[in-house]
Structures are given as structure tokens and as C-alpha cells.
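Accompanying notes for the structure given below.
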Amino acid sequence: GRQVNTPYPTASGGWVVARANIAEFLTQKLADMGLSEKERTDMTSYWIPKLLKKDMPYYRISFFQTATMNAFIPMKVTPNPDTAFRVFLDWSPLASVPNVLPQPQTLTHLVRKGFTLVEWGGLEQ
């Protein structure tokens with residue numbers, strides 16, 4: 001079959017978060033999405049040091065969720081999960097607050113049914 005390259009999605013919203021608030025912000029958003037304490041800890045312990053290493057006063061934070069990720073990076077899992085929930089952190093360091101703030105995103109909340117797959121990832125833009 002022919003490989004179709006889907007372009008990297010464009011974040012259609014997000015937040016500008018002060019450096020001092022990054023850990024609390026990410027933990028709260030992941031909790032709002034329904035990630036367990038272990039899932040939140042796994043994701044934040046990986047990503048927070050990477051963000052803070054940039055040493056910027058602000059960060060643009062956006063999330064791509066399951067539908068966007070399925071279109072961008074399809075995934076086949078065996079056995080097939082009853083529930084799949086994908087969270088991808090899209091972020092960029094900012095030297096200052098932009099003149100135009102992104103629209104806050106409406107995030108989907110995970111409802112776990114049966115065998116549940118939770119995937120997290122991210123990319124600095």
C-alpha cells in the first residue's frame with residue numbers, strides 16, 4: 001500500500017502558562033482528562049524537566065487527543081482495546097506572553113470501559 005503522510009496537526013487552541021505554574025497546570029489538565037495518578041506522574045515526570053530545561057518565562061501548551069492522533073499517527077494494538085485514549089503534548093517555549101492568546105481547548109475526558117489503552121507523548125514545536 002501507499003504510505004500517506006499526514007502533516008503534523010496544527011494546535012487549534014491551548015494556553016500560555018507561566019514557568020512557575022507548569023507542573024500544577026499539566027497535572028490538573030491531565031487529571032481533568034481522566035488520567036490516573038500513575039499516568040499523570042509518568043507523563044509529567046518525563047515532560048516537565050524537558051519544558052523547564054528551556055528556561056523560558058512562559059510556555060504555549062496544547063494537547064492533541066485521540067481523534068487527532070488516530071488521524072496523524074494511526075495505531076493498531078492487539079488485542080484491540082475496548083477504550084483507547086491518546087494524549088499528545090504540543091508545546092513551545094515563549095520569551096513573553098503573545099499579543100494574541102490561544103483559545104482555551106475543550107478537552108475530552110476519558111471514560112474507561114473494559115481493556116483500556118492510555119498513550120501519552122509530546123513534541124516541542
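We number each residue from 1, following the sequence as shown.
- The salt bridge (Lys or Arg N to Asp or Glu O under 4.0 Å) contacts involving residues 64-85 comprise nothing, where partners must be two or more places apart or lie in separate chains.
- In terms of heavy-atom proximity, Thr44 sits nearest to Pro49 at O-CD, 3.7 Å.
- Between Trp120 and Tyr46, the distance separating the two ring centers is shorter than 6.0 angstrom.
- Judged by distance alone, with hydrogens and angles left aside, the side-chain atoms of Arg19 form a donor-acceptor pair with the main-chain N or O of Leu52 at under 3.5 Å.
- Under the side-chain hydrogen bond (donor to acceptor under 3.5 Å, both in side chains) criterion, Lys50 pairs with no residue at all, not counting sequence neighbours.
- Put simply, Met56 and Val16 are part of two different groups of oily side chains (I, L, V, M, F, W, Y) that touch within less than 4.5 Å, one to the next.
- Distance alone, capped at 3.5 Å, places no donor-acceptor pair between the Thr68 side chain and the Phe64 backbone.
- Alongside Val111, the hydrophobic cluster contains no other residue (criterion: ILVMFWY side chains under 4.5 Å).
- Inter-residue side-chain proximity for Met43 and Leu26 is flagged as unmet; no heavy-atom pair is nearer than 4.5 Å.
- Atom CD of Glu124 sits in a crowded spot, with more than 12 heavy atoms from other residues, nucleotides or ligands closer than 6.0 Å.
- Two residues are said to be in side-chain contact when any heavy atoms from C-beta on lie closer than 4.5 Å; Lys29 and Asp32 meet this criterion.
- The side-chain hydrogen bond (donor to acceptor under 3.5 Å, both in side chains) test applied to Glu119 returns Arg86, not counting sequence neighbours.
- Residues Ile61 and Ile22 have side chains in contact (heavy-atom distance under 4.5 Å, counting atoms from C-beta outward).
- Following chains of ILVMFWY side-chain contacts shorter than 4.5 Å, one cannot reach Val17 starting from Leu94, and the two form parts of different hydrophobic clusters.
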Quick one: do Ile73 and Met75 satisfy side-chain contact (heavy atoms from CB on, under 4.5 Å)? Show the steps, please. CA-CA 6 Å; Ile73 306 172; Met75 180 172 62; 5.8 Å; no
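- Contact of the Phe85 side chain with the Leu35 side chain is registered, since non-hydrogen atoms from C-beta on lie closer than 4.5 Å.
- Applying the side-chain hydrogen bond (donor to acceptor under 3.5 Å, both in side chains) criterion to Thr108, with sequence neighbours excluded, gives Gln65.
- A heavy-atom distance below 4.5 Å is not found between the side chains of Met33 and Leu110.
- Centroid-to-centroid, the aromatic rings of Tyr8 and Phe72 come within less than 6.0 Å.
- In this structure, Val118 and Glu39 have side chains that are in contact, with non-hydrogen atoms separated by less than 4.5 Å.
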Quick one, Trp15 with Tyr59, criterion side-chain contact (heavy atoms from CB on, under 4.5 Å). Give me CA distance, side-chain angles, the key distance, then yes/no. CA-CA 8 Å; Trp15 298 269; Tyr59 297 81; over 6 Å; no
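- The number of heavy atoms from other shown groups lying within 6.0 Å of OH (Tyr58) does not exceed 12.
- Distance alone, capped at 3.5 Å, is enough to place a donor-acceptor pair between the Arg60 side chain and the Asp90 backbone.
- Residues passing the salt bridge (charged side-chain N to carboxylate O under 4.0 Å, His left out) test with Arg40, sequence neighbours excluded: none.
- No donor-acceptor pair under 3.5 Å is formed between the side chain of Thr27 and the backbone N or O of Glu24.
- Side-chain contact between Thr116 and Pro81 is absent, with no heavy-atom pair separated by less than 4.5 Å.
- Aromatic ring orientation, Phe63 versus Phe25: parallel (interplanar angle below 30°, classes split at 30° and 60°).
- Side chains of Trp91 and Leu51 form a contact here, defined as non-hydrogen atoms less than 4.5 Å apart.
- Closest non-hydrogen pair, Gly13 versus Gln105, comes out as C-CG, 3.4 Å.
- A donor-acceptor pair is defined here as one N or O able to donate and one able to accept, closer than 3.5 Å; no such pair exists between the side chain of Ser62 and the backbone of Ala11.
- When only modelled atom types and interatomic distance are considered, Thr83 and Arg112 share no side-chain donor-acceptor pair under 3.5 Å.
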